[in-house]
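A quick write-up on the structure given underneath.
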Amino acid sequence: MDVEVIHLGWCSPLDHQGYSRKVLAKSFYSEDPALVAERLLGALLVRVYRGVRLSGVIVEVEAYYGSWDPASRAYKSMRGDLARTLYGDVGLALVYGVHKQWLLNVVAHREGDGGAVLIRAIEPLEGIDLMAKLRGVRDLRSLTNGPGRLTRALAVDKSFHKKPLYEETYGLWIEEGFTIDESRIARSKRIGVSKDLDEPLRFYVKDNPYVSRI
DNA sequence: CGCCAGATTGACT
DNA sequence: GTCAATCTGGCGG
């Protein structure tokens with residue numbers, strides 16, 4: 001396991017003692033979406049763009065289910081491509097466009113079910129200058145604290161739809177990263193959905209300044 | 001092919 | 001805090 005000592009700025013709330021560059025295997029995503037979502041906190045979302053490694057620590061996620069989840073793209077219809085992707089192979093990216101933004105999910109569910117995890121925010125780690133350029137902002141706090149913002153910072157668009165995130169082939173993948181203590185994880189209702197489930201399906205790192213606004 | 005809701009963002013009162 | 005621009009995807013006709 002490759003472990004490297006890194007140093008973030010004074011404002012980082014994480015204990016950056018070192019992190020694992022091990023790419024998360026496909027089997028990691030063969031679990032209940034809520035479980036996968038929680039386990040993804042602390043992991044690294046990595047993108048290689050024009051030879052530059054861009055990355056950030058995942059600090060906010062949401063779990064979505066299949067046809068019985070009113071906020072799911074598979075709700076009441078299995079005909080569309082998004083619905084079929086939700087029920088298809090796990091570990092693939094599901095890129096969904098809404099309000100001019102691209103939202104990045106990773107397909108995750110148990111056998112026979114459907115589901116995905118939406119990546120809502122990352123803490124910038126590597127390639128920050130280039131990410132700021134791609135976003136057109138200078139403020140670190142507003143660089144990747146939102147699902148549409150982080151895809152723009154990482155130059156992720158629809159071309160990544162249905163590409164595997166468990167291998168480096170397409171320049172976008174997820175690594176093991178850091179371990180976040182359970183005591184630092186909080187959960188709430190999902191943001192922006194009109195019809196949510198009773199169960200809180202949003203997970204985030206407590207007091208992390210790179211979590212999206214509530 | 002037209003319609004429209006929506007897992008957002010950024011600008012503005 | 002409020003609000004609307006903007007466009008994809010899924011649906012009906």
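Below, read A as the first sequence line, B as the second, and so on, with proteins coming before strands; counting in each chain starts at 1. Since this is a predicted model, take the numbers as computed values, not measurements.
In this structure, A/Arg190 is positioned above the aromatic face of A/Tyr64, its NZ or CZ under 6.0 Å from the six-membered ring centre and within 45° of the axis.
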Could you go through A/Asn145 and A/Arg141, starting from their C-alpha distance and side-chain angles, then the distance that decides it, and tell me whether this counts as side chain to side chain donor-acceptor pair (under 3.5 Å)?
CA-CA 7 Å; A/Asn145 62 336; A/Arg141 297 290 194 97; over 6 Å; no
Checking A/Tyr87 against A/Ser67 for the side chain to side chain donor-acceptor pair (under 3.5 Å) test, could you report, in this order, the C-alpha distance in whole Å, the side-chain angles of both residues, the deciding distance, and whether it holds?
CA-CA 9 Å; A/Tyr87 277 82; A/Ser67 57; 3.3 Å; yes
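Remark on DNA chain B: of its neighbouring residues A/Lys100 and A/Leu150, the 5'-side contact belongs to A/Lys100, judged by nearest-heavy-atom nucleotide.
In this entry the distance linking NE2 of A/His99 with C1' of C/dT8 reads 10 Å, nearest Å. One atom, NZ of A/Lys189, and another, P of B/dA7, lie 15 Å apart when rounded to the nearest Å. The distance between atom CH2 of A/Trp102 and atom P of B/dG6, rounded to the nearest whole Å, is 19 Å. C/dG10 atom P lies 17 Å from atom NZ of A/Lys76, rounded to whole Å. Atom CG in A/Asn105 sits roughly 17 Å away from atom P in C/dT8 (whole-Å rounding). One can place CG of A/Leu103 at 9 Å from P of B/dA7, the figure rounded to the nearest angstrom. Rounding to whole angstrom units, CD1 of residue A/Ile191 and P of B/dA7 are separated by 13 Å. Here the P atom of nucleotide C/dG10 and the CE atom of A/Met78 are 12 Å apart, to the nearest Å.
Side-chain contact between A/Tyr29 and A/Leu92 is absent, with no heavy-atom pair separated by less than 4.5 Å. Residues A/Val36 and A/Phe28 form a side-chain contact, since some pair of their non-hydrogen atoms from C-beta on lies under 4.5 Å apart. Contact check for A/Tyr170 versus A/Ser159: no side-chain heavy atoms found under the 4.5 Å cut-off.
Phosphate proximity of B/dT8 to A/Arg152: absent, as no side-chain N or O sits under 4.0 Å from OP1 or OP2. Residue A/Arg135 places at least one side-chain N or O under 4.0 Å from the OP1 or OP2 atom of B/dG10. Not one side-chain nitrogen or oxygen of A/Arg73 sits closer than 4.0 Å to the OP1 or OP2 atom of B/dG6. Residue A/Tyr96 places at least one side-chain N or O closer than 4.0 Å to OP1 or OP2 of B/dA7. Phosphate contact (OP1/OP2 of C/dC11, side-chain N/O of A/Ser77, threshold under 4.0 Å): present. Neither OP1 nor OP2 of B/dT8 sits under 4.0 Å from any side-chain N or O of A/Arg190.
Comparing C/dG1 with B/dA7, their C1' atoms sit 22 Å apart, to the nearest whole Å.
One distance of note links OG1 of A/Thr179 with CG of A/Leu41; it measures 11.5 Å at 0.5 Å rounding. Atom OG1 in A/Thr151 sits 10.5 Å away from atom CD1 in A/Ile119 (nearest 0.5 Å).
If you check C/dG9, B/dT9, B/dA7 against the side chain of A/Arg149, the one that comes closest is B/dT9. Taking every side-chain heavy atom of A/Arg120 into account, B/dA7 is the closest of C/dA5, B/dA7, C/dG12.
Within 4.0 Å (heavy atoms only), A/Asp81 reaches sugar-phosphate atoms of the nucleic acid but no base atom. Looking at heavy-atom distances under 4.0 Å, A/Val98 makes contact with a base. Within the 4.0 angstrom heavy-atom criterion, no nucleotide atom of any strand lies near A/Ser72.
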Quick one: the dot-bracket string of DNA chain C, using Watson-Crick and G-U wobble pairs with both distances under 3.5 Å, [ ] for crossing pairs and | for bases paired to another strand.
|||||.||||||.
